[in-house]
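In what follows, chains are A, B, ... by sequence order, proteins preceding strands, each numbered from 1. All values derive from a computational prediction rather than experimental measurement.
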There are 2 protein chains.
Amino acid sequence: MPRAGVTRERVTEEAEQLADEVGFDALTLAAVAARLGIKLPSLYKHIDSLAALRDSVSERAIHELAGVMARATVGKAGADAVAALAHAAREWAREHPGRYAATVPAPRRGVDAEFGMPEAAAAAATAVGVIYDALAGFGLEGDDAIDATRGLRSLLHGFVALEAAGGFGLPADVDRSFDRVVDAFIRSLPGYRTA
Amino acid sequence: MPRAGVTRERVTEEAEQLADEVGFDALTLAAVAARLGIKLPSLYKHIDSLAALRDSVSERAIHELAGVMARATVGKAGADAVAALAHAAREWAREHPGRYAATVPAPRRGVDAEFGMPEAAAAAATAVGVIYDALAGFGLEGDDAIDATRGLRSLLHGFVALEAAGGFGLPADVDRSFDRVVDAFIRSLPGYRTA
DNA sequence: GCTTTAAAGCTATTGGCAATAGCTTTATGG
DNA sequence: CCATAAAGCTATTGCCAATAGCTTTAAAGC
């Protein structure tokens with residue numbers, strides 16, 4: 001086949017790197033094409049649209065994050081597992097801000113959002129499952145486990161997002177705050193038990 | 001003065017409404033102008049740029065949110081005050097998704113982010129102060145209070161953001177989850193005491 | 001009441017980006 | 001060695017932000 005060059009994979013990888021550098025929302029096809037040394041219209045031989053490329057980045061990012069969290073918990077249980085998962089997630093998010101931003105579902109992109117991105121939804125379910133499993137050791141069942149999972153997801157996403165946005169203005173050590181916030185959450189886990 | 005028409009205030013208000021309808025990031029000058037019944041270039045008689053308009057919306061939104069949280073806590077203290085603040089913030093965010101999105105500082109918009117938006121930074125400090133004060137009743141001082149504030153901000157922002165993004169896929173009742181997540185956080189507050 | 005004037009609006013234009021159409025090149029397979 | 005299909009290109013359209021420069025209108029002074 002033609003001119004040994006760009007593949008769908010390479011486009012996505014370059015988009016990921018670019019997103020990490022300029023932000024997921026500042027991702028442009030023009031910049032991706034420039035990086036690959038081709039002209040913008042040529043990209044359409046590999047992708048369907050900017051939206052489709054963003055979806056690809058999202059899906060891969062969610063899988064990556066799920067893998068990072070899962071690996072962080074191997075050989076650990078209970079509080080250790082949850083703390084390791086939390087710290088691993090934050091670290092990955094700091095190293096890959098663009099990919100991390102791609103991780104959170106786009107807030108109503110137009111009218112769709114119900115059907116769009118079926119694969120990404122499946123990937124997201126996997127990632128949430130990792131968190132759910134890490135909390136399983138605390139004797140939480142059914143809705144209690146769901147509530148606790150939502151709590152941890154919220155805490156992690158909120159902290160990471162605010163940190164990335166520069167939302168923690170005060171000089172107080174942010175690493176220390178994260179440790180304490182995660183610890184406090186873990187200690188609150190028994191409170192999610194309903195029975 | 002001329003043609004009784006648009007003012008800087010009206011532009012900002014229309015931008016806020018539009019942001020709530022289409023999302024803060026989908027805010028365009030073209031749409032704002034169309035709503036006001038004028039042509040796009042005419043907008044520049046009232047604002048400096050799209051970025052400046054977005055900053056105005058951000059600043060006002062932060063003030064609004066701070067006011068909503070502050071009003072929710074009057075006449076309350078301790079756990080009641082914190083719970084009321086949390087529920088008021090979530091409710092306002094759900095009613096004004098575009099304004100809420102404008103509330104969180106833009107993650108490194110280009111190179112600046114250090115100096116840009118001095119007024120918005122002051123407004124943000126006020127809003128954080130409301131949360132800080134609500135937690136004051138728990139005997140937290142210095143860095144302990146900062147850590148707890150960061151915890152509550154993270155939890156609230158994360159929950160609201162994920163909810164707005166449709167990130168809670170399971171059928172389990174989201175209102176109930178929020179109640180329990182906030183309760184668990186409040187019960188974890190004594191754990192922030194260092195002394 | 002008329003004139004001055006400055007604000008508020010307009011049209012026209014530029015430049016960036018996504019997207020589509022249609023042509024050209026090139027590597028590979030028969 | 002040629003046919004072919006993939007990969008690249010140029011050209012074009014449409015949308016948006018932004019700037020330049022002209023025109024209108026409402027208020028303020030005489």
Side-chain angles (χ1 to χ4, degrees), chain A residues 1-58 98 101-102 106 108-113 116-117, chain B residues 1-58 98 101-102 106 108-113 116-117:
Chain A
M1 306 189 175
R3 204 162 322 184
V6 174
T7 99
R8 193 174 182 289
E9 280 292 299
R10 286 228 45 218
V11 174
T12 308
E13 289 168 12
E14 211 67 44
E16 287 174 338
Q17 288 184 21
L18 182 61
D20 281 340
E21 292 170 19
V22 304
F24 185 60
D25 38 58
L27 188 63
T28 72
L29 293 185
V32 172
R35 281 187 168 230
L36 293 167
I38 62 177
K39 295 303 172 64
L40 191 152
S42 308
L43 274 181
Y44 286 85
K45 289 289 152 73
H46 307 284
I47 60 167
D48 287 343
S49 65
L50 172 60
L53 177 59
R54 293 168 75 94
D55 287 354
S56 293
V57 172
S58 286
R108 347 218 103 272
R109 202 181 289 295
V111 192
D112 36 89
M117 300 218 289
Chain B
M1 305 191 177
R3 200 165 323 185
V6 175
T7 97
R8 195 175 182 287
E9 279 294 298
R10 286 230 42 220
V11 174
T12 307
E13 287 168 14
E14 211 68 42
E16 286 173 339
Q17 289 184 21
L18 181 63
D20 282 339
E21 291 171 20
V22 304
F24 184 60
D25 37 62
L27 187 64
T28 71
L29 293 184
V32 172
R35 283 186 167 229
L36 293 167
I38 62 178
K39 296 302 172 63
L40 191 151
S42 307
L43 273 180
Y44 286 86
K45 288 291 153 70
H46 307 284
I47 60 167
D48 286 344
S49 66
L50 173 60
L53 177 59
R54 294 170 73 95
D55 287 353
S56 292
V57 173
S58 287
R108 347 218 103 274
R109 200 180 292 293
V111 194
D112 37 272
M117 301 217 291

- [ ] Using the closest heavy atom to pick a nucleotide of DNA chain D for each, name whichever of L29(B) or K39(A) lands nearer the 5' end.
- [x] K39(A)
TODO: Could you check which of dA7(D), dA18(C), dG9(C) has an atom nearest any side-chain atom of K45(B)?
DONE: dG9(C)
Task: Integer-rounded Å distance: dC16(D) P and Y44(B) OH - done: 12 Å
Task: Working for side chain to side chain contact (heavy atoms under 4.5 Å, CB included), residues D25(A) and D25(B) - done: CA-CA 9 Å; D25(A) 38 58; D25(B) 37 62; over 6 Å; no
Open item on the list: Could you measure the distance from the CZ atom of R8(B) to the CG atom of D48(B)? Nearest 0.5 Å is fine.
Closed with: 7.5 Å
Open item on the list: Treating S58(B) as the side-chain partner and A102(B) as the backbone partner, does any N or O pair qualify as donor plus acceptor under 3.5 Å?
Closed with: yes
- [ ] Tell me, with the steps shown, if T12(B) and L53(B) meet side chain to side chain contact (heavy atoms under 4.5 Å, CB included).
- [x] CA-CA 7 Å; T12(B) 307; L53(B) 177 59; 4.3 Å; yes
Open item on the list: Rounded to whole Å, how long is the line connecting atom CD1 of I47(B) with atom P of dA18(D)?
Closed with: 8 Å
Task: Nucleotide nearest A30(B) (side chain, heavy atoms from C-beta), chosen from dG9(C), dA17(D), dA19(C) - done: dA17(D)
Task: S42(A), nearest nucleotide to its side chain (from dA19(C), dA18(D), dC9(D)) - done: dC9(D)
Task: Among dG8(D), dA20(D), dA18(C), the nucleotide that comes nearest once only the side chain of V6(A) is considered - done: dG8(D)
Open item on the list: To the nearest 0.5 Å, what is the distance between CZ on R54(A) and CG on L29(A)?
Closed with: 9.5 Å
Task: Shortest side-chain distance from P41(B), nucleotide among dA17(D), dT11(C), dA11(D) - done: dT11(C)
Task: Length of the line joining R8(B):CZ and dG9(C):P, which is rounded to integer Å - done: 15 Å
Task: Below 4.0 Å: OP1/OP2 of dG9(C) and any side-chain N or O of H46(B) - done: yes
Task: Closest nucleotide among dT11(C), dA18(D), dG8(D) to the I38(A) side chain - done: dG8(D)
Open item on the list: Measure CG/L50(B) against C1'/dC16(D) and give the value in whole Å, please.
Closed with: 10 Å
Open item on the list: In this structure, how many angstroms lie between the P atom of dC16(D) and the CG atom of L27(B), rounded?
Closed with: 12 Å
Task: Nearest-angstrom distance from the residue atom CG of L43(A) to P of dC17(C) - done: 13 Å
Task: Gap between atoms CZ and C1', on R54(B) and dA17(D) respectively (whole Å) - done: 12 Å
- [ ] Round to the nearest Å and state the distance from L40(B) atom CG to dT11(C) atom P.
- [x] 12 Å
